[in-house]
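Indexing begins at 1, ligand by ligand and atom by atom, following the structure's order.
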Amino acid sequence: MVITSFNPPIRTLMGPGPSDVHPRVLSALARPTIGHLDPSFGLMMDEVKTLLQYALQTDSQLTFPVSAPGSAGMETCFANLLEAGDTVIVCQNGVFGGRMKENVERCGAIAIMVEDDWGQAVSPQKVEDALKAHPEASVLAFVHAETSTGALSDAKTLCALAHQYDCLSIVDAVTSLGGSELRVDDWGIDAIYSGTQKCLSCVPGLSPVSFSERAQERIKQRTQRVQSWFLDLNLVMAYWGGDGARSYHHTAPVNSLYALHESLVMLQQEGLEQAWARHSSLHLALKAGLEAMGLGFIVPEGSRLPQLNTVTIPEGIDEAVVRKRLLHDYNLEIGAGLGSLAGKVWRIGLMGHSANASNVMFCLAALESVLSDMGANIHTGAALPAAQKITFG
Ligand SMILES: *Cc1c(COP(=O)(O)O)cnc(C)c1O
């Protein structure tokens, strides 16, 4: 068999990421590759840094995209801030808090777990109790937007608690960046990592990170070397941090960085606060439609993520068949439940460029058509008018 070019199907991506990539970003990706030490590439990298500082609302100079997906940003934060024997308070209310625990333990540090039910926000009270009980803790780590459950935690309050008890904060903002209010400097976040394929609507494979002065101080005071050569910030910064004089560390993913640059320019053109508002108003339209159909949310109102809607499945319906049919008949991808929610919920993403009014209407119509064809016990004909009423008043 002769293998020829791969042409992917055209899908609408309304799962937990990646989200739809805007044509402007895709065309940036296709621009000519230049050397990663080329002076004009260096100028673009400086702009990426400035644009990321805006997106994260930070003045920190140690702000740049790690050349690998969100999980590598996660490892960068833990590997640089932890030394063997350190104690870390890790909040877990879904899948990604569990990965934080893995990271802590692989650094030879001790994870003290603060657990909340899946679908609930992290409880500041439980965190304060753990901080009190463990004065030896040096870091508090939590997920701002739990993509596995759709719950948003109060990052501002949790970071204030960390400082009150003399801890640094590590925050997973993979799904929150660009979709929910996030203010790194105002909230006193010490180390943050994100991803490009969720609310930034860029291609997957890069992880924006940023570190406060206090975090940088901690890294400088390390007595042990960072065990990962690739993620050691002392080395990476010689490439990202230099004033023009960049030295070779690794070959930067040149074209992916063009794409990130373009998606951040688009975010700046829209305005960060307008982007947050767009995600929440479209969430309200989708919610109105889903509820009119008879579907419910598992996350309590008030801690629901607009960009990740975790919804219940009508009784007797095989959720995997629904997703298969949406993909096959409508080219629409929605997400399955993860971990303990597998088989029990769908995760409908409204992330970045995917968060638009036509997608909301399309998703409601497609879901209703598949569910009613499968004989599900739902209200038909009510979802679109309900969503439309929210969108157009
Ligand atoms: C997607 C995601 C990650 C992992 O990012 P990758 O780019 O898949 O490595 C980490 N944390 C959260 C909350 C996520 O949603």
Can you check whether W187 and H163 have ring centres sitting under 6.0 Å from each other?
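Ring centroids of W187 and H163 are no less than 6.0 Å from each other.
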Among all protein heavy atoms, pick out the one at the shortest distance from atom 2 (C) of ligand 1; state its residue, atom name and that distance to 0.1 Å.
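Here the closest protein heavy atom is K198 NZ, 2.7 Å.
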Counting non-hydrogen protein atoms only, what is the nearest one to atom 3 (C) of ligand 1? Give residue, atom name and distance.
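The closest one turns out to be F96 CE2, 3.5 Å.
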Got an N/O contact under 3.5 Å between [X] and ligand 1?
{"X": "G70", "result": "yes"}
{"X": "T175", "result": "yes"}
{"X": "E146", "result": "no"}

Closest to atom 9 (O) of ligand 1 among G195, G349, S71 (heavy-atom distance)
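Comparing heavy atoms across G195, G349, S71, the nearest one to atom 9 (O) of ligand 1 lies in S71.
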Heavy-atom nearest neighbour of atom 11 (N) of ligand 1 within options T149, V95, D172:
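Selected option, by shortest heavy-atom distance: D172.
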If you measure from the Lys or Arg side-chain nitrogens to the Asp or Glu carboxylate oxygens, is any gap between E273 and R183 under 4.0 Å?
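Result for this pair is yes, salt bridge flagged.
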Check this for me, if you would: do D373 and R325 make a salt bridge, where the nitrogen-to-carboxylate-oxygen distance has to be below 4.0 angstrom?
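Counted as a salt bridge, because a side-chain N and a carboxylate O are separated by less than 4.0 Å.
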Given side chains that start at C-beta, do those of I189 and L56 come closer than 4.5 Å, heavy atoms only?
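No. Closest side-chain heavy atoms not under 4.5 Å.
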Atom pair CG (L308) and SG (C199), whose distance is rounded to the nearest 0.5 Å:
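If we round to the nearest 0.5 Å, L308:CG and C199:SG are 8.5 Å apart.
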Between the side chains of Y165 and E128, is a donor N or O closer than 3.5 angstrom to an acceptor N or O?
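E128 and Y165 do have a side-chain donor-acceptor pair below 3.5 Å.
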Can you tell me how the ring of F362 sits relative to the ring of Y330, calling it parallel under 30°, perpendicular over 60° and tilted otherwise?
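Correct class here is perpendicular.
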Going by the atom numbers of ligand 1, which of them fall below 4.0 Å from some non-hydrogen atom of [X]?
{"X": "Q197", "result": "6 (P), 7 (O), 8 (O)"}
{"X": "P69", "result": "6 (P), 7 (O), 9 (O)"}
{"X": "T147", "result": "12 (C), 13 (C), 14 (C), 15 (O)"}

Could you tell me which non-hydrogen atom of I34 sits nearest to which non-hydrogen atom of S40, and how far apart they are?
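Reported closest heavy-atom pair: CD1-OG, 3.8 Å.
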Please work out, at 4.0 Å between heavy atoms, whether the side chain, the backbone, both, or neither of A145 comes within that distance of ligand 1.
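Near ligand 1, A145 shows its backbone, while the atoms from C-beta on stay back.
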